[in-house]
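Input: a single structure, listed below in structure tokens.
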Amino acid sequence: LANTYHLTLRPGAELVAKAGGLHKFMNYAGPILTDSGGFQVFSLAKNRKINEDGVIFRSHLSGEKLFFTPEKVIEIQEQLGADIIMSFDECIDYPVSHTYAKESTERTIRWAKRGLNAHKRQDQALFGIVQGGEFADLRKYSALETVKLNFDGYSIGGTSIGEPKDVFLKMVDYSVPYLPEDKPRYLMGIGSIDYILEGIARGVDMFDSVLPTRIARHGAVMTRTGRLNIRKEIFKDDFRPLEAACDCYTCQNYTRAYIRHLYVSKEQLAQRLLSIHNLRFLIKLIEEAREAIKADRFLDFKNEVLIKFGDERGF
RNA sequence: GGGGGAGUAGCGAAGUGGUCAAACGCGGCUGACUGUAAAUCAGUUCCUUAGGGUUCGGUGGUUCAAAUCCGCCCUCCCCCA
């Protein structure tokens, strides 16, 4: 996953285009998705102003003004060249009034139309984003109106921004039933084990999140029996891999004791090794979920996984 | 043998009569992080039945009051011989 706002600031979409697009620039042959900057409307709320036409950002790096319209955001993403691109939206804060959520959600739908009209590169899939806050009527309205526009896939946005888990589940429950089964459903920004499994149980196909890499950088390791922090002294002479059953590069080659030593010594390699593990951990989880679905035993699989974590939250 | 300096919580280190259970850092322990302004942030770290109790190398004093002042002792470091 790459980001329109951040890549615009540095190194710039023109440069990425000149390099031949993100795949060539990064030398990455796998699927790439770019987010539209809609999340930065929420996360960088202090530095922006919203109007009907779009969002004016103040660059958090230089202070420079950047005007993002739905059309501009599509144009930038076409230059970046990801496989899947996102419609411009506003990720609504939580908690929020019904009045504001309605106003914002309606605007996001207008922006979705504009973005769709501006979209030229048909080799890229364009997804529309469902908003609506925590409100059932707005989620339904947002989903139905967005689906009417006929996007290549549908994203559920505005979740995991500080709301309690029951509210998160509500948001998903209020959105998914109105999204077609024959197009991808993407739950944006979800990365914890339990949230992913709850999403899959509700019919979601895709996820993305910084969680596995961010917590890895902070020393946290995802394992099937719960979360573990590599900083801890108990791992000082623990010469086992992070997780015995794991087939990742890190677990195949390094011990907890060594990774802890790297971490404590502030060696960046520790962060990379932990990130590799957490990413592989989640991908493996999804692979197994897929197998469980094929075998028509997904709910059992989900329960088995969550029970092993030792608590309801996952970790 | 002569001269000088130092001993404070797990470690380092402030504090030099009351506002000191004692700053700060490290280490330890908890916890957070979810469409990336995050190699970050928060809490905790003498004991406690939570009322309080016992601390600043040891010991004996001075004082209403001592980590802080005085005597003696112990240990360590540096310089000269």
Side-chain angles (χ1 to χ4, degrees), chain A residues 1-10 32-48 57-63 66 73 77 82 84-94 108 127-131 153-165 167-169 171-172 185-199 204 206-222 226-236 259-260 262-275 278-279 282 311 313-315:
Chain A
L1 184 108
N3 181 275
T4 301
Y5 170 85
H6 291 293
L7 290 177
T8 297
L9 296 190
R10 185 167 64 187
I32 300 176
L33 181 156
T34 43
D35 183 35
S36 61
F39 184 71
Q40 281 62 45
V41 178
F42 156 79
S43 65
L44 298 175
K46 289 160 226 74
N47 300 320
R48 55 75 172 157
F57 284 102
R58 274 280 174 204
S59 159
H60 69 278
L61 297 176
S62 66
L66 298 160
V73 159
Q77 293 184 92
I84 302 174
I85 67 177
M86 291 296 127
S87 183
F88 196 39
D89 70 327
E90 177 191 357
C91 176
I92 305 172
D93 202 358
Y94 175 89
T108 288
F127 283 26
I129 303 177
V130 177
Q131 289 292 338
Y154 299 95
S155 310
I156 299 165
T159 74
S160 200
I161 45 169
E163 80 283 6
K165 187 173 180 179
V167 175
F168 161 74
L169 293 175
M171 289 170 162
V172 179
R185 294 159 169 169
Y186 162 34
L187 184 50
M188 306 181 86
I190 294 306
S192 65
I193 291 93
D194 58 336
Y195 277 40
I196 288 174
L197 293 177
E198 296 297 353
V204 171
M206 296 168 52
F207 305 86
D208 82 282
S209 180
V210 306
L211 190 71
T213 51
R214 181 175 293 166
I215 68 175
R217 272 178 264 126
H218 299 163
V221 184
M222 290 170 156
R227 191 159 152 170
L228 160 168
N229 197 317
I230 204 65
R231 286 173 303 179
K232 288 175 182 280
E233 197 176 34
I234 45 167
F235 299 125
K236 191 162 102 185
I259 298 166
R260 174 180 188 273
L262 292 174
Y263 193 89
V264 167
S265 307
K266 302 194 192 317
E267 280 290 341
Q268 222 171 17
L269 178 58
Q271 303 183 328
R272 298 190 68 184
L273 292 175
L274 294 174
S275 292
N278 283 350
L279 289 171
L282 286 182
D311 75 43
R313 244 213 90 197
F315 58 79

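Residue numbering restarts at 1 for every chain, and letters A, B, ... go by the order of the sequence lines.
- For B/A6, the paired nucleotide is B/U75, the pair qualifying as Watson-Crick or G-U wobble because both relevant distances are below 3.5 Å.
- We find that OH of A/Tyr5 is positioned 7 Å from C1' of B/A37, with the value rounded to whole Å.
- In this structure, A/Leu1 reaches the sugar-phosphate backbone alone: every heavy-atom distance under 4.0 Å involves primed, P, OP1 or OP2 atoms, never a base.
- The backbone N or O of A/Val221 sits nowhere less than 3.5 Å from a side-chain atom of A/Arg227 that would complete a donor-acceptor pair.
- Between A/His6 and A/Phe39, the ring center distance fails the sub-6.0 Å criterion.
- Across B/G71 and B/A50, the matching P atoms stand 44 Å from one another, rounded to whole Å.
- Taking only side-chain atoms of A/Gln268, from C-beta outward, the nucleotide of B/A39, B/U36, B/C33 with the closest atom is B/A39.
- Between the CG atom of A/Asp194 and the C1' atom of B/C33 there is a distance of 14 Å, rounded to whole Å.
- The side-chain ring of A/His6 is not stacked on the base of B/U36, judged by centre separation under 5.5 angstrom and plane angle under 30 degrees.
- Listed nucleotides: B/A37, B/U36, B/C33. Nearest to the side chain of A/Asn47: B/A37.
- In a base pair of the Watson-Crick type (N1 to N3 plus N6-O4 or O6-N4) or a G-U wobble (N1-O2 and O6-N3), with each distance short of 3.5 Å, B/U55 is matched with no nucleotide.
- Judged by Watson-Crick or G-U wobble contacts below 3.5 Å, the nucleotide B/G12 has B/C24 as its partner.
- Of the candidate nucleotides B/U36, B/C33, B/A39, B/A39 has the atom nearest to the side chain of A/Gln271.
- Residue A/Arg227 has its side chain nearest to B/C33 when only B/A37, B/C33, B/U36 are considered.
- Taking the P atoms as reference points, B/G10 lies 15 Å from B/U55, given to the whole Å.
- For the P atoms, the distance from B/G58 to B/C11 is 14 Å, rounded to whole Å.
- Panel note: side chain A/Glu267, backbone A/Leu262; no donor-acceptor pair is recorded below 3.5 Å.
- Atom NE2 in A/His218 sits about 9 Å away from atom P in B/C41, given to the nearest Å.
- For A/Tyr263 and A/Gly37, each mapped to the nucleotide of RNA chain B holding its nearest heavy atom, the one lying further toward the 5' end belongs to A/Gly37.
- Taking the side chain as every heavy atom from C-beta outward, A/Tyr195 and A/Val172 never approach each other to under 4.5 Å.
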Tabulate protein N/O versus nucleotide N/O from nucleotides 27-29 of chain B, keeping only pairs under 3.5 Å, one per line.
from: B/G28; atom 1: OP1; to: A/Arg260; atom 2: NH2; distance (Å): 2.8
from: B/C29; atom 1: OP1; to: A/Glu233; atom 2: N; distance (Å): 3.1

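- Under a 3.5 Å cut-off, the side chain of A/Ser155 and the backbone N or O of A/Gly157 do not form any donor-acceptor pair.
- Across B/C69 and B/G15, the matching P atoms stand 12 Å from one another, rounded to whole Å.
- With rounding to whole Å, A/Lys46 atom NZ is found 14 Å from B/U36 atom C1'.
- For the P atom pair drawn from B/G57 and B/C64, the interatomic distance equals 25 Å after rounding to whole Å.
- When the C1' atom of B/U36 is taken as reference, atom CG of A/Asn278 falls 15 Å away, rounded to whole Å.
- Within the nucleic acid shown, A/Asn3 comes within 4.0 Å of sugar-phosphate atoms alone, with no base atom in reach, counting heavy atoms only.
- We find that OH of A/Tyr195 is positioned 13 Å from C1' of B/A32, with the value rounded to whole Å.
- Side-chain contact between A/Ser192 and A/Phe207 is absent, with no heavy-atom pair separated by less than 4.5 Å.
- Residue side chain A/Ser209 does not reach the base of B/U36 through any donor-acceptor N/O pair under 3.5 Å, judged by distance alone.
- Within 4.0 Å of A/Ser155, counting heavy atoms only, lies no atom of the nucleic acid at all.
- With 3.5 Å as the limit, one finds no donor-acceptor pair spanning the side chains of A/Thr108 and A/Gln131.
- Between A/Glu198 and A/Ile190, the closest side-chain pair of non-hydrogen atoms is not below 4.5 Å.
- As a whole-Å value, the separation of A/Ile230 CD1 from B/U40 C1' is 18 Å.
- Rounding to whole angstrom units, CG of residue A/Asn229 and P of B/C33 are separated by 13 Å.
- B/C41 and B/G31 make up a base pair, with Watson-Crick or G-U wobble contacts both under 3.5 Å.
- Here B/C69 sits opposite B/G61 as a Watson-Crick or G-U wobble pair (both hydrogen-bonding atom distances under 3.5 Å).
- The C1' atoms of B/A22 and B/C33 are separated by 34 Å, rounded to the nearest whole Å.
- Nucleic acid contact class of A/Gly158 (heavy atoms, under 4.0 Å, all strands): base.
- Using modelled atom types, no side-chain atom of A/Arg185 and backbone atom of A/Tyr154 make a donor-acceptor pair closer than 3.5 Å.
- Contact annotation: A/Ser43 side-chain N/O to B/A37 OP1/OP2 distance is under 4.0 Å.
- With a cut-off of 3.5 Å on both pairing distances, B/U19 has no Watson-Crick or G-U wobble partner at all.
- A gap of 14 Å separates the P atoms of B/C77 and B/G12, to the nearest Å.
- Regarding the sugar-base torsion, B/G58 falls in the anti class, its angle being beyond 90° of 0.
- Separating the C1' atom of B/C80 from that of B/A13 is a span of 30 Å, rounded to the nearest Å.
- At the heavy-atom level, A/Glu163 lies nowhere under 4.0 Å from the strands shown.
- Here the side chains of A/Val41 and A/Phe57 are in contact, with some heavy-atom distance below 4.5 Å.
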